[in-house]
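Convention: sequence-line order gives letters A, B, ...; per-chain numbering from 1.
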Protein chains: 2
Amino acid sequence: MSDRRIPLHLQISQVLRQRIETGVYAVGEQLPSEHQLMEQFQVSRITIRRAIHNLVHQGLASAQHGRGVFVKNQCKWVYSLSSLLIFFEEDMKRQGVQSAICHLEFQEVSPPPRVQEILGSDLACFQSKILLLDGIPAILDKSYILLELGRQFANELKTAMTFPTLERNGIHISKIEASLECTRADQQLSEHLAVPLGEPLLVYCYTAYDQYQRSLVYGSAPSRADLLTYAVTINR
Amino acid sequence: MSDRRIPLHLQISQVLRQRIETGVYAVGEQLPSEHQLMEQFQVSRITIRRAIHNLVHQGLASAQHGRGVFVKNQCKWVYSLSSLLIFFEEDMKRQGVQSAICHLEFQEVSPPPRVQEILGSDLACFQSKILLLDGIPAILDKSYILLELGRQFANELKTAMTFPTLERNGIHISKIEASLECTRADQQLSEHLAVPLGEPLLVYCYTAYDQYQRSLVYGSAPSRADLLTYAVTINR
DNA sequence: AAGTGGTCTAGACCACGCC
DNA sequence: GCGTGGTCTAGACCACTTT
């Protein structure tokens with residue numbers, strides 16, 4: 001706590017950060033309570049709270065009402081974009097992860113204009129499902145699928161991944177146009193993915209085509225950025 | 001402000017959020033000052049500050065000491081991973097973005113073990129540079145390049161993108177293994193990219209190979225997640 | 001009931017940007 | 001010098017979890 005120029009709360013969170021990184025507080029372990037830290041650093045509660053907030057904001061810890069503040073695990077699961085959603089289950093097994101699907105919605109709708117344009121139709125099946133990895137809700141997949149395909153495989157789609165389902169039924173996906181960006185959890189997403197409001201999310205946005213360049217599916221899949229990494233190999 | 005169960009600061013930030021989304025406060029515009037908002041909502045300063053903090057945390061606004069709080073632009077630049085760092089300048093021109101490089105470091109070093117393994121050598125050239133898009137520091141590129149290549153093209157590498165420099169000199173990159181993940185700005189990154197501590201960053205991590213499957217460059221490029229989207233096309 | 005974190009207040013002082 | 005946001009205090013009450 002040398003430099004007077006650095007705010008107290010920052011100095012304290014830096015000390016706590018160091019303690020986490022050097023293992024003084026191990027992963028999963030509980031930090032001292034606000035009261036204990038107040039005494040330890042001789043500052044007011046609001047300053048300790050601010051310091052802890054900094055840690056949470058940096059993804060190093062998470063607070064649980066009535067229980068305490070805990071050190072977060074920094075490990076991430078890696079998913080290959082090339083195989084993602086196609087060989088998803090295999091990919092996960094390889095990493096020793098248990099995956100499950102929680103079906104939310106399936107209905108015929110009139111998609112937003114941009115999606116209508118992509119799919120070349122003013123009607124489509126909309127589906128949303130949550131992917132649980134080791135029991136943790138990690139990805140929310142919201143997608144629009146061509147009406148006829150949706151109707152044909154409705155039941156199967158509700159309990160399985162979209163792409164493997166299509167493949168199993170002889171519909172081959174030959175190209176995926178995708179983008180990855182970072183957003184932050186709004187009300188709805190924070191509930192579905194069980195994260196605090198504003199938590200960073202990685203959004204995987206995709207359009208899948210068959211061998212005739214016909215677009216089959218358009219989807220957007222926000223995922224927990226603290227749990228996932230996406231990998232891709234680019235060949236010239 | 002109906003439900004008593006929702007904290008005041010959340011109710012207020014939701015109102016402000018709506019105002020931003022409906023254009024009451026336009027992009028780039030200044031929000032009312034804390035004092036004005038205190039009167040408007042009849043709450044204490046700390047609650048207004050918390051509400052504004054929520055907006056900032058959700059990436060909707062940014063606070064500037066001594067100036068005020070401003071509505072953030074939500075537009076992002078899209079970069080194709082396939083062409084990224086190879087046709088970077090072209091990609092940017094296409095989007096009407098002015099790009100520039102700010103050289104930070106260039107030196108021969110002994111890279112960390114993991115990088116030594118990737119490059120198959122215990123010595124390499126380390127370079128770090130900042131990419132400015134329309135004058136905004138958006139990407140910090142830190143990379144290790146094979147010793148001989150680094151020495152050979154040292155001067156050129158300091159003022160230009162790595163991959164185009166290699167290509168211009170007849171070194172062909174035929175494969176890139178990449179990953180994308182989200183982290184949060186630490187002290188150093190928050191200074192280089194001019195963002196607050198803890199701000200989400202998209203990290204593009206890559207290894208480039210030539211046609212003989214020899215690894216040439218290993219790099220890690222944190223970028224501002226509020227400014228960039230990465231795109232990729234996957235063919236089977 | 002005890003202990004934890006979450007919300008909120010009123011008020012003080014400081015640091016930065018602009019006129 | 002003024003207005004802005006940034007830091008910090010002491011203290012109150014509430015909500016959740018565990019015992």
Side-chain angles (χ1 to χ4, degrees), chain A residues 1-16 25 28-57 60-72 187 190-191 194-199, chain B residues 1-16 25 28-58 60-72 185 187 190-191 194-199:
Chain A
M1 304 236 263
S2 48
D3 196 345
R4 282 281 174 92
R5 304 286 175 88
I6 298 177
L8 253 179
H9 65 86
L10 256 185
Q11 292 181 39
I12 292 170
S13 60
Q14 275 168 11
V15 170
L16 293 176
Y25 307 138
E29 214 179 89
Q30 188 171 1
L31 262 58
S33 72
E34 293 180 348
H35 189 71
Q36 289 173 306
L37 290 171
M38 279 168 68
E39 291 204 331
Q40 207 174 113
F41 290 98
Q42 287 295 307
V43 294
S44 75
R45 184 168 171 227
I46 217 169
T47 304
I48 284 296
R49 281 183 60 71
R50 182 75 196 270
I52 290 174
H53 173 87
N54 291 340
L55 296 180
V56 173
H57 186 53
L60 292 164
S62 67
Q64 291 174 45
H65 198 160
R67 301 223 314 134
V69 179
F70 299 84
V71 180
K72 269 181 83 171
Q187 197 72 40
S190 77
E191 282 166 19
V195 292
L197 203 69
E199 187 85 350
Chain B
M1 303 233 262
S2 47
D3 195 345
R4 281 281 173 92
R5 302 287 174 88
I6 299 176
L8 254 180
H9 65 86
L10 257 185
Q11 293 182 38
I12 292 170
S13 60
Q14 275 169 10
V15 171
L16 293 176
Y25 307 137
E29 216 180 87
Q30 188 171 0
L31 261 59
S33 72
E34 292 180 350
H35 189 71
Q36 288 173 306
L37 290 171
M38 279 167 67
E39 291 204 334
Q40 208 173 115
F41 291 98
Q42 287 296 306
V43 295
S44 74
R45 184 169 171 226
I46 217 169
T47 304
I48 285 296
R49 281 182 61 71
R50 182 74 195 272
I52 290 174
H53 172 88
N54 291 340
L55 296 181
V56 172
H57 185 55
Q58 286 171 69
L60 291 165
S62 67
Q64 290 174 46
H65 199 160
R67 300 221 315 130
V69 178
F70 299 84
V71 179
K72 270 181 81 170
Q187 197 73 40
S190 77
E191 284 166 17
V195 293
L197 203 70
E199 186 85 351

Practice task
Look only at the side chain of Glu199(A) and the backbone of Pro196(A), and say whether a donor-acceptor pair between them is shorter than 3.5 Å.
Solution key: no
If I take atom [atom1] in residue [X] and atom [atom2] in nucleotide [N], what distance separates them, rounded to the nearest angstrom?
X        : N      : atom1 : atom2 : value
Ile46(B) : dG5(D) : CD1   : P     : 15 Å
Gln36(B) : dC2(D) : CD    : P     : 18 Å
Ile48(B) : dT4(D) : CD1   : C1'   : 15 Å

Practice task
Please test His57(B) against His57(A) for ring-ring contact (aromatic ring centres under 6.0 Å, His included), starting from the C-alpha separation and ending with a verdict.
Solution key: CA-CA 9 Å; His57(B) 185 55; His57(A) 186 53; 5.0 Å; yes
Handout entry: side-chain hydrogen bond (donor to acceptor under 3.5 Å, both in side chains) involving Gln40(A) - partner list, sequence neighbours excluded
Key = Arg19(A)
Using a heavy-atom cut-off of under 4.0 Å over every strand shown, decide if [X] touches base, sugar-phosphate, or nothing.
X        : value
Arg45(A) : base
Arg49(B) : base
His9(B)  : sugar-phosphate

Handout entry: Position toward the 5' end of DNA chain D (nearest nucleotide), Leu10(A) or Val69(B)
Key = Val69(B)
Problem - Along DNA chain C, first and last positions that approach a heavy atom of chain A under 4.0 Å - result: dG3(C) to dT7(C)
Practice task
Decide yes or no for Ile46(B) and Ile46(A): does some side-chain heavy atom of the first lie under 4.5 Å from some side-chain heavy atom of the second?
Solution key: yes
